[in-house]
Amino acid sequence: MNAPLSPVEKIKSESRNLRGTLVESLANPVTGAIADSDTQLIKFHGSYQQDDRDLRDERRQQKLEPAYSFMIRTRTPGGVVTSQQWLQLDAIATTYANHTLRLTTRQAFQFHGIVKRELQTTMQAINAALIDTIAACGDVNRNVMVGANPHESLAHATVQEWAARLSERLKPKTRAYFEIWLGEEKIAESDREWEPVYGATYLPRKFKVAFALPPVNDVDVFAHDLGFIAIVERRGVLGFNVTVGGGMGATHGDDKTFPRLADVLGFIAPEQLLAVAEAVVTTQRDFGDRTERKHARLKYTIADRGVDWFKREVERRLGFALQPARPFAFAHNGDRFGWSEGHDGRWHLNLRIEAGRIADRGHATHLSGLREIAKVHKGELRLTPNQNLIIANVDARDRATIDALVVAHALDGFRTATPLRLNALACVALPTCALAMAEAERYLPELVGKVERLLAAHGLSDVPIGLRVSGCPNGCSRPYLAEIALVGKAPGRYNLMLGADARGQRLNRMHRENIDEAAILAELDVLFARYADDRSDGEGFGDFLLRAGVIVPARRVAIPLETTT
Amino acid sequence: MPALPALPISLLPEEKSGEILRLLEGLEPAALWWLSGYTAALAGQAGVATRTTSAPVARETGPQERLTVVYGSQTGNAKRLAEKLARDAEAAGLGVRLLRADAYPQRELKNERLLALVISTQGDGDPPDDARGFVEFLAGTRAPQLPELKFAVLGLGDSSYPQFCAIGRKLDARLAELGATRLAVAGEADLDIETVATPWLDRTLSAAREAYKASSPRAATVTPLRAVAPTPVSEWTRERPFAAELLVNQRISARNGTRDVRHLELSIEGSGFAYEAGDALGVWPTNPPALVEAILDSLHLDGGSAVALVGETRPLRSWLLERRELTKLARPFVAAHAAQARAADLNRLLAPDRASDLAALLQGHQVIDLLQAYPADWSAEDLVAALRPLTPRLYSIASSRKAVGDEVHLTVANLVYDAFGRSHSGAASAYLASREDGARVPVFLEANERFRLPKDTTRDIIMIGPGTGVAPFRGFVQERHAVGARGRQWLFFGNPYFERDFFYQLEWQAALKDGSLHRLDLAFSRDQENKIYVQQRLRERGRELYDWLENGAQLYVCGDATRMAKDVHATLIDLVAEHGGKDREQAAEYIDALQQQGRYARDIY
Ligand code: SRM
Ligand SMILES: Cc1cc2nc3c(=O)[nH]c(=O)nc-3n(C[C@H](O)[C@H](O)[C@H](O)COP(=O)(O)OP(=O)(O)OC[C@H]3O[C@@H](n4cnc5c(N)ncnc54)[C@H](O)[C@@H]3O)c2cc1C
Ligand SMILES: Cc1cc2nc3c(=O)[nH]c(=O)nc-3n(C[C@H](O)[C@H](O)[C@H](O)COP(=O)(O)O)c2cc1C
Ligand code: SF4
């Protein structure tokens, strides 16, 4: 018996290539919201309808509708923008959004709090900065990630270029975006655009691609639907190992959903990349589950049908076989803060941006500071997959100027922060995220402080331990790859998950379900004590928990093809 | 005026019932009551009414033999007094007819012998809406000479306005100019209306009786009429307010809203208030206690000391809290205080050529500001005597009984502003905003017959109500939904910000969904660079609006009187001119005609 298609499939198919009734919705002055069906479609245009959840109850009592606003996310492959673009994005944040820029775990910018009547103007301003938002969300290929590794700057440039080309290739072809937001003339019905890769109903679900540059796995390459691990020799990119079927999101209490690490499929030459990506995407397009959105990601297609089947299908579509995967090794998935020199003698400054939120708060005038830096900086700016920022390609002569601004605007926190704080991630969660069950971004600084105190008590302040918080099991901060993760379950309550490695190659496991802060800290206190006493030299916290038997490893422990250096 | 319903199963010959309907068209409730009494009396005599029958109560009174009482009233005060005068005059055996100014047949003026005029001043020295035509006619060149007329004018006003009782004064002077003689000196009633009105009523009545006797020797034989006004159903009145329990006090502007606006729900269970959508609720406030203490402090007076005045003794504090105006300043107190403080500059403000300076003073200052700016010694007794009596405030009822049962809902803007280094608040709005659930609020019902839904429910209605002006329209929409009205509802609403000040947003959205509201046009002035007000939306919708009007739609405006109502009025004329192919004068006449037919009603403050 065939299950019915999910309602979103109907909306997509009736949307006339993502147009829906967006124009009418935007013009309706009685509400700050758009029609329900349009809330699905607007994602494909790079925006989500949200409301300020802090105010929801209060406004209902005030007989006012929720404080609706829109989040806009950019399509910025590899998170690279010029100084000029930065200034334009900054102006948008302070003119139309809530005076913050939010760097995401996928190297994009998010604007929050844009009201409906300014949505078109904001979109136009973003496009005027030569940045678009097409497919930043929705059932299509999302922003393509690129390891930000500044040391391998030559390889980075090559990979970055491939990422941009891939992003372009997998971009929806509909003109809807240009009509609705940029006022382009409607094209005649007869020459309606055709989506060569996607077809009329696009993909069953979101689709994510990441490029990793070993030995750094900052992108958590095994967390994505499709991954490319660059194989670099003497600074040249030989090709890529292809990974498929990774993903984080799960649903509490639904064991048909789970985070999954990607499988390594094989090796390809750079010029095969676009074709391979298309074959993977179209296979998922044709075989992905369109009846149940919680089961529609590529990871479930592969888990259900087997990776061998999947490989055969992809190769059939390609007309050639993939080569055996090449050896690679990841050392860690964090950022390296501070200055580092690239192959060409130019410099890169990796700054810490807590939970990716750039704002002016008290003396921490980060937004203003980065604006000042962008005014003098001649290179580019790069967002890292860990929500941080790199001032890239700085001339040695200009370092002092930038350093001075960094200090003046309190952007130099990375110099003194503990490794715990530097590496911690948190998703957005409340008040904007509609799906949040508990706090994340707003809670992170306080939580880190408390965990820092525990670590200090056990003499562990200098040990790098990965901590990630997500407000719900969707896992936007990729929490299942953290040594310590809090996954939100209810206000003030989290699942405490432990035991991942620090290289993005082993998932953590549930340790305690649905506990409050006091219980979390109590658990950690005990485990930190054992770790302080019994760890072997250089042994990570996650690895220790495994060895100590606190955490029983999942069936698939590590990436089979990994060869450690 | 909506068409009259056909007579019920009629005992009348067909041509008579048509005639009767024609005669009844446009009559005031008071007149209709009177008529019912008349016909009932006829029936009691078992006689047949013919033109020659001399019915005791309804002698064909000629103009020489009757007192005509005309009123112009916006919020019902003048009407109430006019009704009282008519009742008392009848009780005293005079022939009386009571007319709202816009129902007064102007060509009869020249034959009029005894005329009493009760009229308030609105806007910036303007007539009330129902008296616009009457005042224009009297002031204009078409007004006849009136050598035989004896008249008395009672003006109602508020001495905190610069044009205090301007319309009353103007009519009094004009009638004299047309050759008429005064029955009694004109009254100029301030907000403590009765202080002036009661003696005026007495004076006028006795003078009218004298004049009446002189012209009508048979007067003594006339049997008093039945009460001209329907006896109020409720025992609770302005003077004897009902203690309504506050059920809900909910802020309805967002936390960052431009103003703190409250939605209040009061229980009127047991009050007998049979209100109609469009009526207002009167509220007797208590002054802000902190303000009273500040005044006591600044004058070094003891709030506990007993003060006796006109037969009432209570502690000074209680006088100030419950009996005297402190938040609104009026000319008489300024004059008294100038004398008390020997403040020459303050005194000079009272000169005729300083009217606008005085206006500014009255608008922006409270009693405390004056006390602080011009220190003076006041005794408790003198102070209480110099201050104006506290007056109730009116609030449009924002509900329909058919929807909410024994409740009255209000939409109240909490008036708070900073001036002279102090936070100032309004008396009644602050009082209401600070009441908690369960509190008892002294209220009374203030009927507003001029602001009613059309009896004919198939008629369309257009409601223009920015700000708290939207209040009665919530009641209208509830009412029309409850009775299943087939006419359409169109609302124009405006305020500074969409996100913060969209009063009753969820309800309007629901009303649009369930069809009880057909159109909603919004003007949020500060959401874009150029301010947009409801007038602009009216203009944009001019064509359709005109079509609705041509189609018989009834038009309502409620809210701010100082600017909004004027601008809307002008815009209406513009759009009738543009879309009706008329010149401005014709368009103005079109709008005036709507007003006269009761199809354009305003409730503005
Ligand atoms: C901003 C960001 C988190 C951050 O703190 O940086 C984010 C924020 C949101 N994510 Fe995410 N996700 C973000 C990276 C991720 C990641 C990490 C990654 O991609 O590397 C994941 C896990 C990987 C994966 O997809 O499995 C992730 C898995 C989800 C899911 C679960 C998807 C699933 O198939 O299981 C949802 C919910 C959904 O899609 O139904 C979701 C949904 C959301 C939404 C849009 C909530 C919604 O659907 O209404 C969140 C908006 C919150 C807000 O107010 O801004 N987000 N989200 C990241 C934006 C990335 C970008 O620029 O595109
Ligand atoms: C028929 C009718 C219906 C009404 N309906 C409503 C309604 O539905 N909702 C509603 O909220 N109101 C309504 N009003 C107005 C209401 O009656 C009161 O006038 C209002 O609430 C203010 O009363 P208050 O006692 O709080 O202020 P008051 O104590 O009367 O003080 C008002 C005085 O404060 C001064 N003032 C006001 N603002 C400023 C300022 N910014 N700067 C300096 N001085 C200032 C002015 O001198 C003003 O006269 C209605 C009025 C009428 C006549
Ligand atoms: C919007 C508005 C404007 C007013 N303007 C004046 C004015 O200019 N001069 C004046 O003496 N009274 C003015 N008043 C006060 C009224 O005349 C006073 O409240 C009177 O009692 C109302 O009587 P009514 O209910 O019969 O209309 C104004 C009242 C309102 C609500
Ligand atoms: S993990 Fe959940 S709460 Fe956090 S941003 Fe993603 S969807 Fe929202």
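The sequence lines fix the lettering, A, B, ..., with proteins before strands; numbering per chain opens at 1.
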List, with distances to 0.1 Å, the donor-acceptor pairs found between chain A and chain B - the cut-off being under 3.5 Å and no angle criterion applied.
unit_1	atom_1	unit_2	atom_2	d
A/Val30	O	B/Gln505	NE2	3.3
A/Val30	O	B/Gln509	NE2	3.1
A/Glu58	OE1	B/Arg255	NE	3.4
A/Glu58	OE1	B/Arg255	NH2	2.8
A/Glu58	OE2	B/Arg255	NE	2.9
A/Arg59	NH1	B/Glu499	O	2.9
A/Arg59	NH2	B/Glu499	O	3.0
A/Gln61	O	B/Gln250	NE2	3.4
A/Gln62	NE2	B/Ser253	O	3.4
A/Lys63	O	B/Gln505	N	3.2
A/Lys63	O	B/Leu506	N	3.0
A/Glu65	N	B/Gln505	OE1	2.9
A/Glu65	OE1	B/Gln505	NE2	3.4
A/Glu65	OE1	B/Gln509	NE2	2.7
A/Glu65	OE2	B/Gln505	NE2	3.3
A/Arg117	NH1	B/Glu499	OE2	3.2
A/Arg117	NH2	B/Glu499	OE1	3.2
A/Arg117	NH2	B/Asp527	OD1	3.1

A side-chain contact here means heavy atoms from C-beta on lying under 4.5 Å apart; do B/Leu512 and A/Val30 qualify? yes

Under 4.5 Å to a heavy atom of chain A? For B/Phe502 that would be both

Name all residues meeting the side-chain hydrogen bond (donor to acceptor under 3.5 Å, both in side chains) criterion together with A/Ser37; count only those two or more places apart in sequence or in a different chain, and write none if there are none. none

With a 4.5 Å heavy-atom cut-off (strictly below), which parts of residues 438-446 of chain A touch chain B? List them by number. none

Applying side-chain hydrogen bond (donor to acceptor under 3.5 Å, both in side chains), can you list everything that pairs with A/His112, at least two apart in sequence or on another chain? A/Gln110, A/Arg357

